2 protein chains.
Amino acid sequence: MATSETALQGTSRGASSAAARLRVAVPSVADRVADELRLQLAEGILLPGTRLTESTIAEDLGVSRNTVREAFAELASERLVVRHPNRGVFVASLEPGDIHDVYTVRRAIEVSAIRGGGSPEAVADVRAAVEEGKRAAAANDDEGLGTANQHFHGAIVALAGSRRLNSIMAQVLAEMRLFFHKATLDGHFYSRYLKDNEEICNALEAGELDRAAELMLAYLNRSEEKQAEVHGE
Amino acid sequence: MATSETALQGTSRGASSAAARLRVAVPSVADRVADELRLQLAEGILLPGTRLTESTIAEDLGVSRNTVREAFAELASERLVVRHPNRGVFVASLEPGDIHDVYTVRRAIEVSAIRGGGSPEAVADVRAAVEEGKRAAAANDDEGLGTANQHFHGAIVALAGSRRLNSIMAQVLAEMRLFFHKATLDGHFYSRYLKDNEEICNALEAGELDRAAELMLAYLNRSEEKQAEVHGE
DNA sequence: ATCAAAGGATTGTTGAACAATCCGGAAAAT
DNA sequence: ATTTTCCGGATTGTTCAACAATCCTTTGAT
């Protein structure tokens, strides 16, 4: 349904040897299928609860069922999709309990990352995300405001300089994008957050780590509350 | 090599309907293959760096190559195994940087879990793990000491009552098991930790959360240092 | 109207096939 | 003798086709 006719096969040999020699790891077809689905998930083309049928997706994307299967495994491990044995996979939908759960993870990761301080360059990235948000606000770009906010929190986690922490955060953010669409409609949903972000950034730059951590904690608690009231519950 | 001849097929219909009726989600064959490999990984039968060939594993376990592939995807998402495109999958091996990385995740998660307090039952589970460790020490059971220690940290994370945090911690512990074998040889490797664990548990029961968190942080830092010196660098 | 049986659709798993890629060694060139 | 080139074997990546197991819906019986 409304699936793009993207050419995902591309098994032509053409310039592949050059790519291989340059060690440009060409993502496997399964990976690209997963990417495509991730995109459609983030874009809101595939809404939570939607059933994903192996055969139709395989046809739509011009790949084999087996490959779709591998892509599903990838997405399932990221919790973007849920497998119901013998019934199929469905786009994951966060229930009220999951919202609290996700924020619990964020509190653990983000607060801890702040407490660790981080290199000057990493702090600069946080500042850059704050400025990005300001620009988006000035341009009345709601979409941009949202992504800037995500960049901010990504930069916060990056303070810890941990590959694993980064990827965990990336997953959590991807999960949240899944149900952000409703909320995003409300234009000044993030507007309040702009000031919070800047304040946290200021404290961070000033080396007041405990205060920055405290602010982030409060921020996340308020954010969770807001999310909980927008969604069910 | 040295792979058990476990019967993993079992597609016989016999008593399957009963199981199905009881809604006992029978794990898929791919899942059981993953379980088997996870086991061999934890047991040290498969050492870091070992190459896992699809066809041989498929034969050894009596399943199809495609199924092995799905199992690999699962393990790869848990970082227990690494995929080198077109070259195969290898048992993951933690490099010095990874050790720090893993401990960064643990600091974030465990300290945060402690700061959150947790229900009385959850705290009781922590206490139970401490006692389990004491018993193992009394019995001079090194193996048991190790698992008790893991139970302790699992219980700590469980304080937060977060499904996601639990599964993240489970993965991290699985990763660590991968290279614990060397360390485990040294008998009183954990002996020192026993007292630490109990002290943390005491503080937790007394409601001195900040102190407990502080202790845990120090503990993890010492543990990382020890690991770093046991392994390269 | 309730319940059981039948049918169709989809998933889970297998087996075989083939292209693409990588690795190691033989052959050739310097 | 050392390096380069080339070839062949082995393994992965991907597809296809088939079938059993399971679920969902609809039909049929009480």
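Residue numbers begin at 1 in each chain, while the letters A, B, ... track the order of the sequences. These figures come from a predicted structure and were not determined experimentally.
Atom-to-atom, CG of A:D31 to C1' of D:dT12 comes out at 14 Å; the value is rounded to the nearest Å. Taking atom CZ on B:R69 and atom C1' on D:dT14, their separation rounds to 8 Å, with Å as the unit. Nucleotide D:dT11 holds its P atom 13 Å from the CG atom of B:L52, rounded to whole Å. Taking atom CG on B:N66 and atom P on D:dG13, their separation rounds to 12 Å, with Å as the unit. If you take CZ of A:R83 and C1' of D:dC23, they are 16 Å apart, rounded to a whole angstrom. Rounded to an integer number of Å, the gap from A:H84 NE2 to C:dA9 P is 23 Å. In this structure, B:R51 atom CZ and D:dA10 atom P are separated by 13 Å, rounded to whole Å. In this structure, A:R32 places its CZ atom 9 Å from P of D:dT15, rounding to the nearest Å.
Side chains of B:S167 and A:R79: a donor-acceptor N/O pair is present below 3.5 angstrom, by distance only. For A:E175 and A:Q171, the side-chain atoms include no donor-acceptor pair closer than 3.5 Å.
Of the side-chain N and O atoms in B:S28, one or more sit less than 4.0 angstrom from OP1 or OP2 of C:dT13. A sub-4.0 Å separation between OP1 or OP2 of C:dA9 and a side-chain N or O of A:S55 is absent. Contact annotation: A:R65 side-chain N/O to D:dC16 OP1/OP2 distance is not under 4.0 Å. In terms of phosphate contacts, B:R87 brings no side-chain nitrogen or oxygen within less than 4.0 Å of OP1 or OP2 of C:dT21.
At a threshold of 4.0 Å, the pair B:E224-B:R106 does not count as salt-bridged, since none of the basic side-chain nitrogens sits closer than that to a carboxylate oxygen.
Here the side chain of A:V63 is nearest to one of D:dT12, C:dG15, D:dT15, namely D:dT15. For B:T53, taking side-chain heavy atoms from C-beta onward, the closest of the listed nucleotides C:dT11, D:dT11, D:dG13 is D:dT11. Of all nucleotides listed (D:dT14, D:dC23, C:dT14), D:dC23 comes nearest to the side chain of A:N86.
Each of B:L41, B:V82, B:L80 was evaluated against B:V91; a single residue qualifies, B:L41, per the side chain to side chain contact (heavy atoms under 4.5 Å, CB included) test.
For an aromatic pair to be called close, the ring centres must be under 6.0 Å apart, and A:H153 with A:Y193 fails this.
Residue whose closest nucleotide on DNA chain D sits further toward the 5' end, between B:F72 and A:V68: B:F72.
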